[in-house]
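Here the structure is laid out as structure tokens; the discussion comes afterwards.
These numbers come from the heavy atoms of this one structure, side chains and all, not from hydrogens, waters or symmetry mates. Below, chain A is the first sequence line, B the second, and so on; all start at residue 1. Just so we're clear, the structure is a prediction, and the values are computed from it rather than from any experiment.
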Protein chains: 2
Amino acid sequence: MTMRQPRAGGRARSGGRPTLEEVAARAGVGRGTVSRVINGSPRVSERTRAAVEAAVAELGYVPNTAARALAANRTDAIALVVPEPEGRFFAEPYFSDIIHGVGVALAETEVQLLLTFASKARERQRLAQYLAAQRVDGVLLVSVHADDPLPDLIEQLDIPAVVSGRRSASEPLTSVDSDNYEGAKAAIDHLLSRGRTRIATITGRLDVYGAQRRLDGYRAALTAADLPVDETLVVPADFTEGGGRRAMTELLSRRPDLDAVFAASDVMASGARQILREAGRRIPDDVALVGFDDSAIARHMDPPLTSVRQPIEEMGREMTRLLLEEIASVGAHHSPASRLLAREQLVLPTELVVRASS
Amino acid sequence: MTMRQPRAGGRARSGGRPTLEEVAARAGVGRGTVSRVINGSPRVSERTRAAVEAAVAELGYVPNTAARALAANRTDAIALVVPEPEGRFFAEPYFSDIIHGVGVALAETEVQLLLTFASKARERQRLAQYLAAQRVDGVLLVSVHADDPLPDLIEQLDIPAVVSGRRSASEPLTSVDSDNYEGAKAAIDHLLSRGRTRIATITGRLDVYGAQRRLDGYRAALTAADLPVDETLVVPADFTEGGGRRAMTELLSRRPDLDAVFAASDVMASGARQILREAGRRIPDDVALVGFDDSAIARHMDPPLTSVRQPIEEMGREMTRLLLEEIASVGAHHSPASRLLAREQLVLPTELVVRASS
DNA sequence: AGGTACGGTGGGAGCGCTCCCATGTGTGAT
DNA sequence: ATCACACATGGGAGCGCTCCCACCGTACCT
């Protein structure tokens with residue numbers, strides 16, 4: 001009883017979405033000419049172009065992405081690889097802001113954004129395959145860990161890619177990062193200017209390059225002020241609220257005389273604040289508190305938290321811009337030998353947002 | 001001087017990514033057989049299957065998405081349409097959580113997620129075209145406004161779609177929503193059980209169906225408790241912090257005797273809290289405060305905010321599940337006439353999270 | 001007048017896959 | 001032994017596009 005379908009998806013030839021060929025027939029020109037008009041080639045006369053555009057409008061023609069990708073060997077899509085579900089990426093405020101920035105940069109182009117989730121090493125391995133299989137023209141990597149195999153795989157496969165947050169000082173891929181070093185330095189300088197001298201810090205996971213840089217900035221600021229860097233004032237944590245609580249507890253027992261705390265994330269600052277309050281320390285009267293990220297948490301904390309703002313959205317924008325550039329340059333000169341791009345290392349400035357906690 | 005390239009992207013035939021044909025040659029079978037193995041067809045002998053799988057592994061074969069999409073007229077991709085940059089979607093906590101849920105639901109499948117940004121009506125119009133142009137098999141719509149043209153366009157184009165948060169009681173598309181009515185009711189019941197009797201509410205934009213439902217729940221709970229619904233206790237706002245402040249100011253001047261406030265979002269509750277504090281009202285001693293969303297803001301507010309938790313991630317998961325189902329069912333019986341799906345209206349329960357503010 | 005150049009154009013070939021039809025090949029029923 | 005039938009398999013056709021080459025006409029040179 002089943003009626004035979006006319007092949008491929010069963011959409012009838014007539015009445016389905018129009019094809020290039022149909023537009024060509026309508027405009028009374030050849031397929032090649034329509035293609036040239038669609039792709040904005042200059043080698044078309046004004047008359048012809050107008051005729052084709054009219055036909056396109058009348059038929060409501062939209063190019064078939066799959067066919068184009070197959071023929072042209074490019075997809076007009078980039079992937080954002082989301083480390084999932086662990087990691088601070090899904091936490092405030094990274095995720096939304098990065099994507100927001102990517103969206104802004106992509107808005108003026110025809111490029112689509114593919115979201116890809118991969119947490120475990122095995123998944124990320126498999127992912128590299130998929131990425132290479134013509135799925136996307138380039139890849140945006142965020143929040144990569146030092147031991148992540150994906151960036152190296154991607155580099156080997158010679159896929160255009162940009163990472164956020166370098167894995168080390170010598171990141172081989174194009175990268176965009178915020179100035180963690182200067183950000184931390186500014187935070188400490190601010191505390192010093194407020195007359196604080198026994199400034200502790202709660203660090204992030206030090207295998208994350210950015211966390212290390214924040215610690216470097218902390219030390220540099222103290223040294224520049226001729227203060228000794230007292231290692232009892234440095235406690236490593238892991239970017240979590242619980243970690244912030246544990247670190248603060250440890251700090252209070254080690255150095256009950258501290259008068260300021262610089263936490264390498266707002267979330268950790270929030271944890272620290274709880275402990276400080278339980279210990280009866282007033283903020284900022286007894287202990288000044290500064291965070292990092294300037295997330296919603298900072299704005300809504302009580303008292304509102306002084307924090308180092310990272311231009312996350314701008315990072316997303318810049319990452320995308322650099323990736324599109326890289327893709328364009330790869331497409332331009334086809335020879336694989338000449339694939340020696342200047343791999344840019346962009347570092348964006350941070351900004352200290354002073355609130356009542358310091 | 002430019003060397004001629006071997007067509008299409010310039011990848012050399014040898015050494016490039018392997019094709020189906022090459023796998024077939026390697027395994028000593030025909031193209032069709034390899035295709036059957038790749039797609040898990042049962043009509044392949046065990047011997048042959050093993051041989052093909054070995055060849056696939058040796059060559060590291062991965063199917064070309066574009067070719068598959070072109071031939072099979074399906075993309076194995078769905079789009080999440082993000083209303084951008086306005087709207088509460090990009091705000092806490094919606095965005096991350098929804099995507100998280102979508103990612104979870106997609107993890108077990110081969111389906112990819114495309115993120116599409118479109119705010120202005122014109123963009124959304126254009127978007128419908130693109131969506132129809134074989135780019136995706138289905139669409140996830142979030143945070144649609146009552147006057148959004150996109151849902152109707154999508155319905156006309158007969159594209160599988162699921163919306164989060166119905167636009168009205170009679171949503172024509174498949175939808176997933178949280179139980180705004182019962183959530184609000186639970187919040188008010190809780191306040192009543194705490195002995196509060198002059199309970200005000202700050203509503204969201206009432207052209208958003210969910211906001212209306214929360215207000216309905218507020219009224220119903222009061223009525224059920226034999227309390228009159230006093231309209232001077234109801235102030236409409238717009239889901240923003242500023243709106244919350246303005247509404248609270250208005251409420252305090254209208255009804256200085258109020259003893260509880262139910263805000264239809266945490267963000268508005270946060271605004272209300274600022275005003276209450278400035279007015280010297282203690283929370284919860286003088287005025288109890290309850291929010292909606294159970295976002296990070298609620299947890300970090302001072303005092304921590306009692307709030308109605310929406311299962312956002314689960315919503316993302318369910319939306320995706322329903323969409324995949326719908327796509328599968330459309331693919332199953334090709335006849336467009338039989339495209340009469342049971343358009344499900346899924347409503348997920350909310351949960352009151354009681355904290356110190358009430 | 002003949003040649004040269006070049007902008008403009010049509011359409012063949014091919015991208016890598018899926019679908020389906022035709023063709024084996026083995027099994028059990030007659 | 002013969003027929004029927006299911007199962008397994010090979011490969012042609014075609015999805016809608018881009019790329020490129022061949023071709024045409026016109027304008028310009030010598």
Interface polar pairs with nucleotides 23-27 of chain C, N/O, under 3.5 angstrom:
none

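Taking every heavy atom of both residues into account, B/R317 and B/V104 meet most closely at CD-CG1, 3.6 Å. Residue B/I154 comes nearest to B/A161 through the heavy atom pair CG2-CB, 3.6 Å, listed as atom of the first residue, atom of the second, then distance. Annotation for A/I99 and A/L80: closest pair CG1-CD2, 3.8 Å, computed over non-hydrogen atoms. A/S96 approaches B/F95 most closely through the heavy-atom pair OG-CD2, 3.4 Å. The two residues B/L127 and B/A118 make their nearest non-hydrogen contact at CD2-CB, 3.9 Å. In plain terms, the two heavy atoms of B/T65 and A/R135 that are nearest each other are OG1-CG, 3.4 Å.
Per the geometry, CZ belonging to A/R68 stands 8 Å off C1' belonging to D/dC17, to the nearest Å. Atom CZ of A/R17 and atom P of D/dC15 are 17 Å apart (whole Å). To the nearest angstrom, C1' of D/dT18 lies 9 Å from CZ of A/R74.
A/R26 has no carboxylate O lying under 4.0 Å from a charged side-chain N of A/E22, or vice versa, which leaves the two without a salt bridge. Between A/R167 and A/D152, at least one side-chain nitrogen of the basic residue sits less than 4.0 Å from a carboxylate oxygen of the acidic one, meeting the salt-bridge criterion.
Only A/G30, A/R31, A/G32, A/T33, A/R36, listed by number, bring a heavy atom of residues 30-38 of chain A to less than 4.0 angstrom from any atom of DNA chain C. The stretch residues 42-53 of chain A has no heavy atom under 4.0 angstrom from DNA chain D at all.
Taking A/R31 as the reference, nothing meets the side chain to side chain donor-acceptor pair (under 3.5 Å) condition, with sequence neighbours excluded. For B/T48, the side chain to side chain donor-acceptor pair (under 3.5 Å) partners two or more places apart in sequence, or in a different chain, are B/S45.
Here the CG-CG distance, from B/D137 to B/L323, works out to 8.5 Å after rounding to the nearest 0.5 Å.
With distances taken from any side-chain atom of B/T19 to the nucleotides D/dG16, C/dG16, D/dG10, the minimum falls on C/dG16.
Each of A/V23, A/V52, A/V44 was checked for a side chain to side chain contact (heavy atoms under 4.5 Å, CB included) with A/V29, and the lone residue meeting it is A/V52.
Helix-axis bend for the helix from C/dA1-D/dT30 to C/dT30-D/dA1: the local axis fitted to the five terminal pairs at one end deviates from that at the other end by 40°, rounded to 10°.
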